[in-house]
Trainee: 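Have a look at the structure that comes next, please.
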Amino acid sequence: MNRIDELFNKKAGNILSVYFTAGYPALDSTVEIIRELASEGTDMIEIGVPFSDPVADGPVIQKSNDTALKKGMSLRLLFDQLKDIRKETDIPLLLMSYINPVLRFGIEKFCKKCEETGIDGVILPDLTPEIYTASYLGLFKEHNIYNVLLISKGTSAARIREIDGLSRIFIYMVSSSSTTGIKRNFSADQKEYFLKVKKMNLRNPALIGFGISDNETYLQACKYGAGAIIGSAFIKALSEGEGGKNTVRDFIKKIR
Amino acid sequence: MNYNIDCNGYYGEFGGAYIPEMMHANISELQQNYLKILECEDFKSEFSKLLKDYAGRPSPLYHAERLSYYYNTGIYLKREDLNHTGAHKINNAIGQILIAKRLGKSRIIAETGAGQHGVATATVCALMGMKCVIYMGKLDVDRQAPNVLRMKMLGADVIPVYSGNMTLKDATNEAIRDWICNPADTHYIIGSVVGPHPYPDLVARLQSIISEEIKWQLEEHTGSPDPDYVIACVGGGSNAAGAFYHYLDNEMVKLVAVEAAGKGIDSGESAATTVLGFPGVIHGSRTILMQNDDGQITEPFSISAGLDYPGIGPLFAHLKKNGRAIFEHATDDEALEAALLLTRLEGIIPALESAHALAVLKKIQFGSDDVVVVNLSGRGDKDMATYMKFLEETENKRYK
């Protein structure tokens, strides 16, 4: 049990999870953005640990990663910035990155640090369910960290069942065959895939991510899944906004 | 020691498939089918026919007498530079497009550094009537201009990549992203023994024709199929994998892998991955890669676009770890000098990549009876601008 369980126990649908890149737009904006997202009623936050080669990400998040790295963001610095975060908020927090920075940091040390800091889960797109199960499942359990696995349009029904069996909190449902990025609408094809998964009655709720950018796509995600994950659209708002509280507030208002 | 992959695609501790779920369907399709396809008679006959009639194989194994005299040893050059399109890359491109056809794919994507793999891929796409998109770092687009023109004439879309250092690593990222976005109709022809399983093994098998030929050709020359040394340059490692393949289990044959040291190992501008790197994951494979303390992949440097890569194929990480291969390196200047020496002694202009392999001839103490095979992976046409600049700088004095 951790804060993500508490969230899902409280709320079965309309969950809004927002991604941002640590160290973007400013090196020390991380905690401030968490504070604002939490106070604007976001349900969950995914903190992106920037990586030099984010192959699952589109141009917007690639750029925020580059900027954050240039400013000096790292996993070490992030844990340092977050060391007192649990004194001020109980919002569920996940770290999202790629496997290489975690391996270099030391995956045991990483899990230990997550637990100490109060991180509830991680999303590492290039850590496959197979490698996770073979090498790291026990470690994550020991530190009470959820590893969130992805499914996509190309994932077979049998594999979705397997991933559902391995998942302990929620499934990250990638909305389309694409990298992260902003899209306007969901196609009939995508809706058919959402419906197919919905009808499978998985034991874990599914949050839909990739391509959620506005109220319409958010509502669609809430209709077919337990809620939505928004990343690129929020990064874009941060890059265009003046910073400050209004950027986050205005963005969340537009979505919900 | 075992130099094959295990059932999960690992050479010892290196390899595997670290991929986002969006690539799973394509990678697993390839994993399940590649050996079946490679082993079926229909594939084998089409592949070998194209290698012979189209690519011009077998490529000669040439006893370079003047170079041998210069180094006081027996040097044989495996002339991959004489293949159609000018490098060993065509072997893999032909093999993979035949696989793509059998998997029902109609669109091909590829990354390229020096442009040799891009040209080879664009060539086989023209041959098979398939749509072709090549990702190439902007820096490489500029420094390998002749190859860009060839790809365009062959009908490929060449997309310059502006991220990172704008070289091979970044082009590979972009090709992976393309595949994530176009999973249904597209096959990704990776050009080296890198990437997620099964690519390292697939590409090594398709390139293994190089050492298969060396064995019988050398036997004709010397009476024995086994040399004392096989030397090849390594960026990702495809030509070296091909040249080493049938000798891996024969410990009597010394295998020398030559990495690009750029401006020098400690200069901060180098691509000598096994010297400067640490274990990690790059482009879907656990291997050795150049990275900083935070696990960010660092930018390599080499005058040779084909060796300008921060990782190395997992097979080579394994060979390094267990000591089966000798790892050497050559700087930009050493490669340039070796290229000029070969040109003046033998009338063969090598690719800058292959020149790195030639550059270690002066670093190893060979016996006068030794048989040394150097894999001349490509020809130097694409590098003429760089060579001209070097010639002007040295004022053409030394080798006149």
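All chains are named by letter (A, B, ...) in the order of the sequence lines, taking the proteins before the strands, and each is independently numbered beginning at 1.
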Trainee: Could you tell me whether A:Lys141 atom NZ has more than 12 heavy atoms of other residues or ligands within 6.0 Å of it?
Mentor: no
Trainee: Sort A:Leu69 into side chain, backbone, both or neither according to what part of it lies under 4.5 angstrom from a heavy atom of chain B.
Mentor: side chain
Trainee: Heavy-atom distance under 4.5 Å to chain B: side chain of A:Leu150, backbone, both or neither?
Mentor: both
Trainee: Please report the interatomic distance CD(B:Gln296) to CG(A:Asn65), rounded to the nearest 0.5 Å.
Mentor: 8.0 Å
Trainee: For the backbone of B:Asn292 and the side chain of A:Arg104, can you confirm whether one donor and one acceptor N or O come within less than 3.5 Å of each other?
Mentor: yes
Trainee: Counting only non-hydrogen atoms closer than 4.5 Å, does B:Ile282 touch chain A with its backbone (N, CA, C, O), its side chain (CB onward), both, or neither?
Mentor: neither
Trainee: So how far is it from A:Phe210 CZ to B:Ile180 CD1, rounded to the nearest 0.5 Å?
Mentor: 8.0 Å
Trainee: Between atom OG of A:Ser178 and atom CG of B:Asp178, what is the distance when rounded to the nearest 0.5 Å?
Mentor: 12.0 Å
Trainee: With a 4.5 angstrom heavy-atom cut-off, is it the side chain or the backbone of A:Phe51 that approaches chain B, or both, or neither?
Mentor: both
Trainee: Between A:Asn100 and B:Val281, is there a donor-acceptor pair closer than 3.5 Å when you use the side chain of the first and the backbone of the second?
Mentor: yes
Trainee: Within the structure provided, determine whether B:Arg177 and A:Pro54 are in side-chain contact (heavy-atom separation under 4.5 Å).
Mentor: yes
Trainee: Can you tell me how far the CD atom of A:Gln62 sits from the CD atom of B:Glu174, to the nearest 0.5 Å?
Mentor: 5.5 Å
Trainee: Non-hydrogen atoms of chain A under 4.5 Å away: do they reach the side chain of B:Asn8, the backbone, both or neither?
Mentor: neither
Trainee: Heavy-atom cut-off 4.5 Å, strictly under: side chain, backbone, both or neither for B:Ile176 against chain A?
Mentor: side chain
Trainee: Does any non-hydrogen side-chain atom of A:Arg76 lie less than 4.5 Å from one of B:Asp293?
Mentor: yes
Trainee: Under the side chain to side chain contact (heavy atoms under 4.5 Å, CB included) criterion, do B:His24 and A:Glu130 qualify, and how do the steps go?
Mentor: CA-CA 11 Å; B:His24 175 81; A:Glu130 290 79 6; 4.1 Å; yes
Trainee: Which atoms of B:Ala17 come close to chain A, meaning under 4.5 Å heavy atom to heavy atom: side chain ones, backbone ones, both, or neither?
Mentor: backbone
Trainee: Is A:Val55 in contact with chain B via its backbone, its side chain, both, or neither, using a 4.5 Å heavy-atom distance?
Mentor: both
Trainee: Between A:Leu75 and B:Asp294, does a side chain to side chain contact (heavy atoms under 4.5 Å, CB included) hold up when you go through it step by step?
Mentor: CA-CA 7 Å; A:Leu75 204 40; B:Asp294 297 321; over 6 Å; no
Trainee: Just verifying a value: how many Å separate B:Ile19 CD1 and A:Ile99 CD1, rounded to the nearest 0.5 Å?
Mentor: 13.5 Å
Trainee: Say you draw a straight line from CD of B:Glu21 to CD1 of A:Ile163; how long is it, rounded to the nearest 0.5 Å?
Mentor: 4.0 Å
